Amino acid sequence: MSETLGRSARQSAERRAHVVALRGEIDLLTAPALRDRLDLLTAGPSPDLVLDLRAVSFVDCVGFGVLCRARNRVLARHGRLRLVTGSAFLRRTLRHAGLAGVFEVLSGMPRDMAGPLTAGAADGPGG
């Protein structure tokens, strides 16, 4: 897994959604860096986070743990977390892991993310 780009799009004058595009594998090796990045993005009040997983090829149980941690942090701060994936494999894996109804999963980027985006993060490990 490499974090290729963290982007932010202005939704309104008060809220900012953070889009984090990931690629490759989210596993035991890459999860700690992702966890640290997501902890930063979910530290404030009402975080709005979109994780673009369309280029992710594999997620292991440690990776799902990081996603669950981010979800819990977002919910505790009255925010929102969305996962974007067109992958039937990832959706099936979420279902088999008992996480299908836990995450808000979208097949494409939300319409409110269609505007201009600004870079907010550098490449992660392996990037």
Side-chain angles (χ1 to χ4, degrees):
M1 180 281 317
S2 293
E3 182 180 335
T4 57
L5 183 63
R7 301 177 289 177
S8 299
R10 179 75 70 192
Q11 285 187 336
S12 69
E14 304 85 35
R15 295 198 59 172
R16 179 179 290 275
H18 294 281
V19 178
V20 181
L22 305 170
R23 69 170 184 250
E25 299 180 351
I26 304 173
D27 57 15
L28 180 63
L29 181 64
T30 61
L34 178 59
R35 180 198 62 227
D36 293 346
R37 178 68 178 140
L38 296 180
D39 281 357
L40 286 173
L41 292 173
T42 59
S46 301
D48 190 355
L49 190 59
V50 177
L51 299 182
D52 183 353
L53 306 176
R54 292 177 292 182
V56 170
S57 58
F58 177 78
V59 182
D60 71 3
C61 61
V62 176
F64 282 124
V66 170
L67 297 179
C68 287
R69 175 186 172 91
R71 177 191 172 273
N72 292 341
R73 289 173 57 87
V74 165
L75 292 178
R77 290 161 177 83
H78 308 288
R80 185 175 186 192
L81 172 66
R82 292 168 277 182
L83 305 181
V84 178
T85 181
S87 168
F89 174 76
L90 184 55
R91 288 175 183 265
R92 190 170 48 251
T93 304
L94 283 167
R95 189 173 60 248
H96 290 304
L99 299 172
V102 171
F103 293 99
E104 182 179 354
V105 180
L106 309 173
S107 57
M109 290 302 288
R111 292 179 194 252
D112 57 351
M113 300 287 111
L117 301 172
T118 55
D123 285 341

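Quick note: residue numbers are just sequence positions, from 1. All values derive from a computational prediction rather than experimental measurement.
Panel note: side chain R71, backbone V102; a donor-acceptor pair is recorded below 3.5 Å. A donor-acceptor contact shorter than 3.5 Å links the side chain of D27 to the backbone of T30.
The shortest side-chain heavy-atom distance between M109 and V19 falls under the 4.5 Å cut-off. Looking at L94 and F64, their side chains come closer than 4.5 Å, going by heavy atoms from C-beta outward. Counting heavy atoms from C-beta on, the side chains of L53 and L90 come closer than 4.5 Å. Counting only heavy atoms from C-beta outward, the side chains of V20 and L49 approach each other to under 4.5 Å. Taking 4.5 Å as the limit, every side-chain heavy atom of L81 sits out of range of all side-chain heavy atoms of R73.
Hydrophobic cluster membership of L28, counting Ile, Leu, Val, Met, Phe, Trp and Tyr whose side-chain heavy atoms lie under 4.5 Å apart directly or via other members: V62.
Annotation: the span from L34 atom CG to D39 atom CG amounts to 9.5 Å, rounded to 0.5 Å. In this structure, L38 CG and L22 CG are separated by 7.5 Å, a value rounded to the nearest 0.5 Å. Note that CG of D60 is 9.0 Å distant from CD1 of I26, once rounded to the nearest 0.5 Å.
Shown here for A17 and R82, the closest heavy-atom pair between the two residues is CB-NH2, 4.4 Å. In terms of heavy atoms, A70 sits closest to T42 at O-CG2, 4.3 Å. Shortest non-hydrogen contact noted between V84 and G108 is CG1-C, 3.6 Å.
Every pair tested for salt bridge (Lys or Arg N to Asp or Glu O under 4.0 Å) that includes a residue from residues 90-101 fails, sequence neighbours excluded, so the list is empty.
Scanning for side chain to side chain contact (heavy atoms under 4.5 Å, CB included) contacts around S57 gives E25, with sequence neighbours left out.
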